[in-house]
Visitor: 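Right, I'll just put the structure down here and ask away after.
Hydrogens, waters and symmetry mates play no part in the numbers below; they use all other heavy atoms, side chains included.
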Amino acid sequence: MMSVVSQDSNVRPAGLFEFAERVRYRLPVVAAVVGLLAAWQFIVWFFSIPTYMAPSPIDVVGAFRSNGWMLFSNFWPTLYEALLGFIFGNAVAILLAVWFVHSRLAERAFYPIAVFINTIPIIAVAPILVLIFGNGLAPKIIIAALICFFPTLVNMVRGLKAVSPATLDLMRILSASNGEVFWKVRLQSSLPFLFAALKIASTTCVIGAIVAEWIGSNFGLGALIIEATYNFRAPLLYATVFTAALLAVTLFSLVSFAEARLIHWKTPDAH
């Protein structure tokens, strides 16, 4: 009995210490957010800034309360477009990266085209896609996919090539096939690079969906931003922007969680 009690007493301090460490780790960001909100509230109050120019945090919270259903109903279309764009854009980028690594001719032929497409501002591509595909979901998903595509392509190609020559020589000595080299060596080395790109794509896909909604849409957070701007509804505008930011942060956190579960090592050059 004494050993059980002593064991339990040792576990509790360890759990409390771990909890205290987590609180201490998150305390700076919580304090920074609270300080920024307090400074924002004070500036608006002290300089008597009109609500239609810069609402206070209290006004924004009020907009969340009074327009909750409107924000909720416009949140789902943007989430749907962003997720589909994220999936399609990254899937195409990964497949192309695998092709490029196994075919230098394909890389020399199509990699410059991918670079050229990436140099075109997404705000310029959006109207073209709307003219071709209309105001439906297709142009919004394509734009979200395009904005995710290039970072994943670049990082995946680099990751698949980031295998030491010694490792490749060892696989050849072991008579490994190209498929075995890919699955057991190249894919493993590319995962840190891939997740670095997916973290970027998880936020930019939301940007792509919102930009597409600006060009032509009657629903979604992007359309709501335009409506609130034209009607000088600044609290609703800020609430919509914060909702979009919350969506991007949530997607980023999900990708980070998946990375932590799947990867237990880091490649120094991944970025």
Side-chain angles (χ1 to χ4, degrees), residues 74 77-162 190 193-227 229-230 237 240-241 243-245 247-249 251-252 255 269-271:
N74 284 279
T78 303
L79 172 62
Y80 183 72
E81 296 155 5
L83 280 179
L84 287 181
F86 178 84
I87 293 170
F88 291 144
N90 288 301
V92 173
I94 292 170
L95 291 175
L96 277 179
V98 173
W99 187 28
F100 289 171
V101 168
H102 288 89
S103 174
R104 292 187 177 181
L105 179 62
E107 183 178 8
R108 291 199 303 268
F110 294 102
Y111 199 87
I113 297 176
V115 174
F116 174 76
I117 293 175
N118 184 66
T119 60
I120 302 175
I122 199 68
I123 196 69
V125 177
I128 299 174
L129 294 176
V130 170
L131 287 174
I132 295 173
F133 297 101
N135 288 331
L137 287 175
K140 301 172 182 61
I141 295 172
I142 293 173
I143 292 169
L146 282 174
I147 206 170
C148 296
F149 168 78
F150 192 73
T152 301
L153 176 65
V154 172
N155 277 271
M156 192 63 181
V157 169
R158 185 175 181 183
L160 290 172
K161 292 181 177 180
S190 70
F193 293 85
L194 174 60
F195 274 99
L198 292 180
K199 287 179 182 179
I200 299 173
S202 64
T203 57
T204 55
C205 67
V206 179
I207 298 173
I210 289 177
V211 168
E213 290 168 354
W214 285 351
I215 303 302
S217 181
N218 295 322
F219 54 85
L221 296 177
L224 190 58
I225 288 173
I226 296 297
E227 179 186 347
T229 302
Y230 285 157
L237 171 62
T240 308
V241 170
T243 302
L247 171 58
V249 169
L251 295 178
F252 182 90
V255 174
D269 293 331
H271 64 281

Visitor: Would you call Leu251 and Phe86 a side-chain contact if the rule is heavy atoms closer than 4.5 Å?
Guide: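 Side chain of Leu251 against side chain of Phe86, heavy atoms only: no contact under 4.5 Å found.
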Visitor: Scan for side-chain hydrogen bond (donor to acceptor under 3.5 Å, both in side chains) pairs involving residues 107-119, sequence neighbours excluded, and state none if there are none.
Guide: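 Passing the test, one end in residues 107-119: Glu107-Lys161.
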Visitor: Can you list the residues that meet the side chain to side chain contact (heavy atoms under 4.5 Å, CB included) rule with Ser190, with sequence neighbours excluded?
Guide: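 With sequence neighbours excluded, Ser190 shows a side chain to side chain contact (heavy atoms under 4.5 Å, CB included) to Met156, Leu160, Leu187, given in chain and number order.
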Visitor: Anything under 3.5 Å between a donor and an acceptor, one on a side chain of residues 122-137, the other on a protein residue two or more places apart or in another chain? List them.
Guide:
none

Visitor: Sequence neighbours left out, what passes side chain to side chain donor-acceptor pair (under 3.5 Å) with Thr78? Give chain and number order.
Guide: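 Applying side chain to side chain donor-acceptor pair (under 3.5 Å) to Thr78 gives Glu213.
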Visitor: Give the minimum heavy-atom separation between Ile147 and Pro151, together with the two atoms involved.
Guide: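 Scanning both residues, the minimum pair turns out to be O-CD, 4.0 Å.
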Visitor: What pair of heavy atoms forms the shortest contact from Val92 to Phe149, and how long is it?
Guide: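 In this case the closest contact between Val92 and Phe149 is CG1-CE1, 3.9 Å.
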Visitor: Which residues satisfy the side chain to side chain contact (heavy atoms under 4.5 Å, CB included) test with Val249, sequence neighbours excluded?
Guide: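 If we apply the side chain to side chain contact (heavy atoms under 4.5 Å, CB included) test to Val249, skipping adjacent residues, the hits are Ser253.
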Visitor: Please report the interatomic distance CG(Leu79) to CG(Leu84), rounded to the nearest 0.5 Å.
Guide: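 Rounded to the nearest 0.5 Å, the CG-CG separation comes out at 9.0 Å.
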Visitor: Which atoms form the tightest heavy-atom contact between Cys148 and Gly85, and what is the distance?
Guide: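 For Cys148 versus Gly85, the nearest heavy atoms are SG-O, 4.4 Å.
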Visitor: Can you give me the closest heavy-atom contact between Val206 and Ala244, atom names plus distance?
Guide: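 For Val206 versus Ala244, the nearest heavy atoms are CG1-O, 3.9 Å.
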Visitor: So which pairs with a foot in residues 85-97 pass side-chain hydrogen bond (donor to acceptor under 3.5 Å, both in side chains), sequence neighbours left out?
Guide: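 For residues 85-97: Asn90-Thr152.
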Visitor: What donor-acceptor contacts under 3.5 angstrom involve side-chain atoms of residues 96-106, with partners at least two apart or in another chain?
Guide:
from   : atom 1 : to     : atom 2 : distance (Å)
His102 : ND1    : Val98  : O      : 2.9
Ser103 : OG     : Ala106 : N      : 3.2

Visitor: Does Thr243 have any side chain to side chain contact (heavy atoms under 4.5 Å, CB included) partners at least two apart in sequence or in another chain, and if so, which?
Guide: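 Result, side chain to side chain contact (heavy atoms under 4.5 Å, CB included) vs Thr243: Phe64, Leu71, Phe75, Leu221.
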Visitor: Which pair of non-hydrogen atoms, one from Ala144 and one from Cys205, has the smallest distance, and what is that distance?
Guide: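 In this case the closest contact between Ala144 and Cys205 is CB-O, 3.7 Å.
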Visitor: According to ring-ring contact (aromatic ring centres under 6.0 Å, His included), who are the partners of Trp214, at least two apart in sequence or on a separate chain?
Guide: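 Here no residue qualifies.
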Visitor: Give the minimum heavy-atom separation between Ile210 and Gly222, together with the two atoms involved.
Guide: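 So the minimum-distance heavy-atom pair works out to CG2-CA, 3.7 Å.
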Visitor: Report the distance from atom CD1 of Ile215 to atom CD1 of Ile143, rounding to the nearest 0.5 Å.
Guide: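 Here the interatomic distance stands at 7.0 Å.
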Visitor: In Å and rounded to the nearest 0.5 Å, what is the CG to CZ distance from Asn155 to Phe150?
Guide: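 So the gap between those two atoms works out to 10.0 Å.
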